[in-house]
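Only one structure is covered here, and it is reproduced in the block below.
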Amino acid sequence: MSVIVLVEHDGGVIKKKNLEAVQYAAGIAQKTGETATAVVLGTIGAAEMENLGQYGAQKVLHVDDARLNDLHAPAYARALLAAVQKEGSKLIVTLNDINGRAVAPRVAVQLNAGVVAGALIYPDLENGFVIKKSVFSGKAFANVNITSDVKVIMLMPNTFPLNKVDGKAVVEKLAVNFEEKVFNVKVKEVNKVTGEIALADAGLVVSGGRGMKGPENWGLIEDLAKELGAATACSRPVADAHWRPHHEHVGQTGGAIRPDLYIAIGISGAIQHLAGVNGSKTIVVINNDPEAPFFKAANYGVVGNAMDILPSLTAAVKKFHQHK
Ligand SMILES: Cc1cc2nc3c(=O)[nH]c(=O)nc-3n(C[C@H](O)[C@H](O)[C@H](O)COP(=O)(O)OP(=O)(O)OC[C@H]3O[C@@H](n4cnc5c(N)ncnc54)[C@H](O)[C@@H]3O)c2cc1C
């Protein structure tokens with residue numbers, strides 16, 4: 001049997017978070033004595049799929065249908081179900097991202113499967129099938145046991161570092177007959193944010209709040225981000241005031257991110273903001289108020305005026321890079 005993992009791509013390029021899902025599925029397969037089979041949809045080159053072997057997939061089932069280049073959740077679910085049937089699988093892995101949240105429940109309901117959304121660790125098989133997941137916007141954890149025969153796990157992106165191994169997956173075509181109704185929501189246009197590091201996938205994020213005083217000071221944030229190779233983000237009032245575009249707003253009502261490093265500058269640390277960033281591996285807070293709540297969630301804190309600290313910090317990073 002095989003653990004099935006849904007692997008999405010962006011115009012033929014598989015992103016880090018999807019490689020992480022493959023590695024996770026392969027890790028579980030190793031524990032259960034199974035193999036890992038990736039399901040890849042739409043137009044993509046063979047080499048990109050074969051490379052999934054470097055993250056533990058033995059096989060790729062490729063549903064080569066250009067209609068799947070855009071997300072059609074019912075069609076994606078249909079393709080996954082076809083793969084599950086072909087492999088006789090009892091475990092399906094997706095990401096707990098926007099697309100995963102649209103597809104995984106559709107698959108689970110068809111298979112009477114228990115679902116865990118937001119898995120943070122490998123399942124503990126010695127005590128059933130127990131998985132730790134994040135709850136209440138990342139403010140708490142729950143250990144849940146999936147007791148159904150067929151199981152669906154939605155992995156929280158950016159939870160595990162990637163470890164490449166030698167390997168090449170075998171790519172097979174999977175023919176799926178789609179009813180026309182699974183494509184009845186058409187994507188008319190996609191406007192991508194270009195020329196920046198995508199926030200959702202960024203390992204490093206520099207973020208500014210109302211303490212930055214106005215959009216005219218954002219050059220300080222951008223300079224540091226550029227020097228670090230980081231994406232930029234902001235608090236909600238900053239986006240509401242149109243200092244920054246809304247796609248940069250993180251928190252309960254914005255994006256949820258889990259970078260390796262989150263630098264919060266002039267952000268108070270309200271719970272609604274923390275809800276979107278408290279999965280970050282390391283948090284650095286720069287704030288001129290030593291009582292700012294964000295310091296309680298920080299690994300490192302700098303008390304001081306951002307307008308003074310940012311130029312010095314950017315210069316220090318630049319110097320560090322020059323002497324590397
Ligand atoms: C239902 C709901 C949903 C919400 N969702 C979100 C969300 O998704 N994301 C979000 O961010 N917020 C959200 N909010 C708003 C949230 O409650 C806070 O109001 C908001 O996060 C505060 O933004 P801020 O920290 O940038 O601004 P402020 O609270 O004004 O904090 C500014 C900080 O900058 C510091 N500062 C000032 N000057 C300087 C300086 N020169 N140098 C260094 N530091 C300085 C201050 O000490 C202060 O801590 C939501 C609120 C509600 C009610």
Side-chain angles (χ1 to χ4, degrees), residues 96-101 117-118 134-140 156-158 193 196-228 230-317:
N96 187 42
D97 60 2
I98 292 173
N99 291 3
R101 285 195 287 270
S134 88
V135 289
F136 299 120
S137 305
K139 286 194 277 294
M156 196 66 114
N158 208 9
V193 179
E196 299 167 30
I197 297 169
L199 182 55
D201 304 319
L204 309 176
V205 175
V206 179
S207 186
R210 213 150 38 179
M212 288 305 296
K213 313 292 187 213
E216 66 280 7
N217 293 322
W218 232 263
L220 296 173
I221 299 270
E222 284 169 337
D223 287 348
L224 178 61
K226 193 169 165 213
E227 214 47 63
L228 287 169
T232 51
C234 67
S235 66
R236 175 171 156 173
V238 163
D240 286 347
H242 304 294
W243 297 359
R244 297 299 292 174
H246 258 293
H247 65 78
E248 285 197 2
H249 145 211
V250 289
Q252 186 183 314
T253 47
I257 53 172
R258 296 168 60 76
D260 297 323
L261 175 66
Y262 183 71
I263 306 180
I265 303 148
I267 303 176
S268 56
I271 47 168
Q272 295 90 353
H273 184 84
L274 290 178
V277 302
N278 56 10
S280 308
K281 310 243 178 356
T282 301
I283 295 178
V284 176
V285 169
I286 301 173
N287 198 302
N288 62 0
D289 175 7
E291 300 299 322
F294 220 149
F295 283 119
K296 290 204 179 79
N299 301 89
Y300 301 94
V302 183
V303 179
N305 183 353
M307 311 303 160
D308 301 331
I309 293 166
L310 280 173
S312 319
L313 185 54
T314 304
V317 174

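Counting starts at 1 for both ligands and their atoms, following the listed order.
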Residue pair Asn158 / Lys281, side-chain heavy-atom distance below 4.5 Å: yes
Ligand 1: protein residues within heavy-atom distance under 4.0 Å: Gly209, Arg210, Gly211, Lys213, Ser235, Arg236, Pro237, His249, Val250, Gly251, Gln252, Thr253, Gly254, Gly266, Ile267, Ser268, Ala270, Gln272, His273, Asn287, Asn288, Asp289, Gly304, Asn305, Ala306
Side chain to side chain donor-acceptor pair (under 3.5 Å) contacts in which one or both residues fall within residues 282-306, not counting sequence neighbours: none
Test applied, side chain to side chain contact (heavy atoms under 4.5 Å, CB included); reference residue, Leu220; option that passes from Leu313, Leu310, Ile309: Leu310
Thr232 and Glu222 side chains, donor-acceptor separation under 3.5 Å: no
Met212 side chain near Ile265 side chain, heavy-atom distance below 4.5 Å: yes
Donor-acceptor pair, side chain of Arg258 and main chain of Pro157, under 3.5 angstrom: yes
